[in-house]
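Note that these values count all heavy atoms, side chains included, but never hydrogens, waters or copies made by symmetry. Please read these numbers as outputs of a predicted model, since none were measured by experiment. Protein chains get the first letters and strands the later ones, always in sequence-line order, with residue 1 at the start of each.
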Amino acid sequence: MQLPGPLEAALASADENYLIGLCNKGTVNRAKKDLEALTAPEIQVEGEEVTVGMGEVVCRIKAPLGESLCSCPSGGICRHRITAILWLQRQMASQADAKELPKEPDFQQLRDYPTEKLVKQLGSKGLSDLLARHWNGLGPSISQTSVITVEMPWLPATVRLLEPLEHSTCTCRSKDFCIHKAQALLYWQLVQGTANPTMLEGALPKEEMEQVQDVCQEVRRSLTAQMVTGLSRLPPSVCETVQRMAALCHTARLPELERALRALHGEYAAYFGRSASYRNAQFLLRLARAYRLAQALETADRETTGRLAGTFREDYQPVGRLELYLLGLRDFSGRSGYEGTIFYFWEERKSRFYTFSLLHPTFYEKNTWRREDAAPWGLPCTLRAAKNCSLALTGARATRFGSLSSTQECRGALLGSRDPASIVPKEALYTDFARLLEERSSPHAPEVSRLALVRPARCQTQEYDHVRQVFSLRLLDEENRDVWLEVMYRKETAKRIDLLEDLSRQLQRQPMARPVFFGVLYREDDRLKLYPIEVFTDWEDSP
Amino acid sequence: MTQLLNEIEQALTELLQSGLDTGAPSASRQLGTLAAQCEEMGLHTGAALLLEVEEGLSTRAHMIEKKDLTLSAVICRTIRYLELCREKLQEESIIQRWQNLYEKEEEDCL
């Protein structure tokens, strides 16, 4: 059978990814099954196309493959057309083994697509968001085979770009060149260097930058006026002024500055509310932080503004398959108006910590929350019951700080109870506290970067501090460097303190015992301290 | 060093409590003294920043058109500098404490 030249070339270059790009994976898999059952279809070459008759259905396959037709009523690329394409490819393969392999597509059409058209379609807001993501390194994950797959989980949308561009597909199922396709193509052009971010900046209206500058200048002026008047002479209405400025920052899409101002508002509220939690040092730091950020944003170019402005919320990015071990959990009740439980996992293959938070607002749903009910990712039991168990997650998503999403796309399987020593490698256990100070206790690092598994050489039990209501235990390494384990008594920590007191008694009976402590490191005065989340008393060294 | 940092923090707190309009004369003198102490301790950046604040406060008193934005920017830079110094000092004090403990242990063994 002699196929028309353009069709032969199109069939040769269309691999499975390309076919998936034309329709979807399910249709291709179904077509593969149909192909196995297919016996001798009727073939007819007519000009530039080939007619493939398969029982009651007749497909007309031509180049580009996306323009092939079928007698069935399907609007998109149906399984019949894919079956016919696969059958033709099989015939070609059996006839011409010696023919040279098709080369990888160079996507010239996608490169040549005018960037101006994409910019016009996105509009100034869309373009501004896209550039901010690009500069912050929060763009999509792009993989390139015979098609270009662009995953944009924050939308969420996955776009498969292929040639000809009209046959590209999007998970929004739009047949047209939708906004997601335009975004995906522009991201790809930016990565390829076809589109220049500095030139794209020029397409943005000047008013946006002017608005940022105006807001920042207003913030600086207002904070300066507060400094001129002095805290002792300021009226309590300054709290509302700061809140209004934070709202202005929200409108101007400056989330970091908004947070800084809300933190400053908290200090003002504590001062005027005569709260015991008010600290001068904290007030100075928050005032200076908001001021300096506004100052930096006011004079920054677009790229720096994008980086300094921050993001309203962290995106969950796909992280594939994870093998997690639930090390511990802690109940959380913050002044932010949320409470719940934070679960801490160790990931075996990446050798890092992940967290999963089950939090709920307390301002209107008090006492309705049942912590034991949480069983995310389709697990057969609650997470609380899975303590010291291994889990396998497929299709997991997490933020860059390792906070896991409870997305329904992620499925979990319980692998059973295991000994933590067989999961966590020896190198991940901190026995040298100097290394602990250097690597896991940076004051401004997020909590996940300050988590550590600590194995002291010995422990010194301490008297319970009845004045400060603090339980403490001194952990020492081989060189007599110490870390202070401390838990302040509160309603939520009462049970934890009971367990630690039991441990203290056990350590007094067995001074040679070397438990492993899992917790969060922090610095206080001239001491390195640990807030314990879990204690493993029977951690056996792996051989 | 910790005491000096505390004194600087105290001076800046008092200045911001009273306000630049009222607290300037007393803060100006105090900051000048603290700048000299910083220089003695080797905190050259700290000394320069404090002198800049002191100069800003002194000049401000004789000006009709106050340049408060410049002055407040320097004050905020000084607060940030103070924060960085404290962090560094805290890390060093933890290590120093460990060193003292080790030496004490050695002495006890002897």
Could you tell me whether E478(A) atom CD has more than 12 heavy atoms of other residues or ligands within 6.0 Å of it? no
How long is the straight-line distance from CG of D526(A) back to CD of Q96(B), given to the nearest 0.5 Å?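 With rounding to 0.5 Å, CD (Q96(B)) is 10.0 Å from CG (D526(A)).
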Heavy-atom cut-off 4.5 Å, strictly under: side chain, backbone, both or neither for Q295(A) against chain B? side chain
Chain A heavy atoms under 4.5 Å from T22(B): which part of the residue, side chain, backbone, both or neither? side chain
With L284(A), which of I75(B), T78(B), T13(B) fulfils side-chain contact (heavy atoms from CB on, under 4.5 Å)? T13(B)
Which heavy-atom pair separates Y102(B) from E479(A) by the least distance, and what is that distance? CD1-O, 3.6 Å
To the closest 0.5 Å, what do you measure between CZ (R97(B)) and CZ (R481(A))? 12.5 Å
Counting heavy-atom pairs under 4.5 angstrom with chain A, the leader among R60(B), E9(B), Q99(B) is E9(B)
In Å, rounded to the nearest 0.5 Å, how long is the span from CG of D525(A) to CD of Q90(B)? 7.0 Å
For atom CD of E87(B), decide whether the heavy atoms of other residues, nucleotides or ligands shown that lie under 6.0 angstrom number more than 12. yes
Establish, from distance only, whether the side-chain atoms of N480(A) and W98(B) form a donor-acceptor pair under 3.5 Å. no
Which atom names give the shortest non-hydrogen contact between S72(B) and Y291(A), and what distance separates them?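 Looks like OG-OH, 2.7 Å.
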Start with the C-alpha distance between T224(A) and L69(B), add both sets of side-chain angles, then the distance that settles side chain to side chain contact (heavy atoms under 4.5 Å, CB included), and finish with yes or no. CA-CA 6 Å; T224(A) 303; L69(B) 279 175; 3.4 Å; yes
Mark yes when over 12 heavy atoms from residues, nucleotides or ligands other than E55(B) sit less than 6.0 Å from its CD; otherwise mark no. no
Region of Q226(A) in contact with chain B, defined by heavy-atom distances below 4.5 Å: neither
Applying side chain to side chain contact (heavy atoms under 4.5 Å, CB included), run through C76(B) and M227(A) and close with a yes or a no. CA-CA 10 Å; C76(B) 290; M227(A) 287 190 225; 3.6 Å; yes
With chain B, which of L234(A), L231(A), L223(A) has the greatest number of heavy-atom pairs at distances under 4.5 Å? L231(A)
Heavy-atom pairs under 4.5 Å with chain A: which of L12(B), I95(B), D21(B) has the most?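 Most heavy-atom pairs under 4.5 Å with chain A: D21(B).
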Structural part of L101(B) lying under 4.5 Å from a heavy atom of chain A: side chain
Could you walk me through whether E83(B) and R289(A) pass the side chain to side chain contact (heavy atoms under 4.5 Å, CB included) check? CA-CA 11 Å; E83(B) 185 189 6; R289(A) 170 155 169 69; over 6 Å; no
Please assess F283(A) against I79(B) for the test side chain to side chain contact (heavy atoms under 4.5 Å, CB included), listing each intermediate value before the final yes or no. CA-CA 11 Å; F283(A) 171 74; I79(B) 295 171; over 6 Å; no
Choice from L528(A), L437(A), V228(A) maximising heavy atom contacts with chain B below 4.5 Å: V228(A)
Check whether S232(A) gets within reach of chain B through its side chain, its backbone, both or neither, counting any heavy atom under 4.5 Å. both
Residues, nucleotides or ligands: over 12 heavy atoms within 6.0 Å of R77(B) CZ: no
Under 4.5 Å, counting heavy-atom pairs only, tell me which of E92(B), E91(B), R86(B) racks up the most with chain A.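 The answer is E91(B).
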Determine the minimum heavy-atom distance between R233(A) and S18(B), stating which atoms define it.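 Closest heavy-atom pair between R233(A) and S18(B): NH1-O, 3.0 Å.
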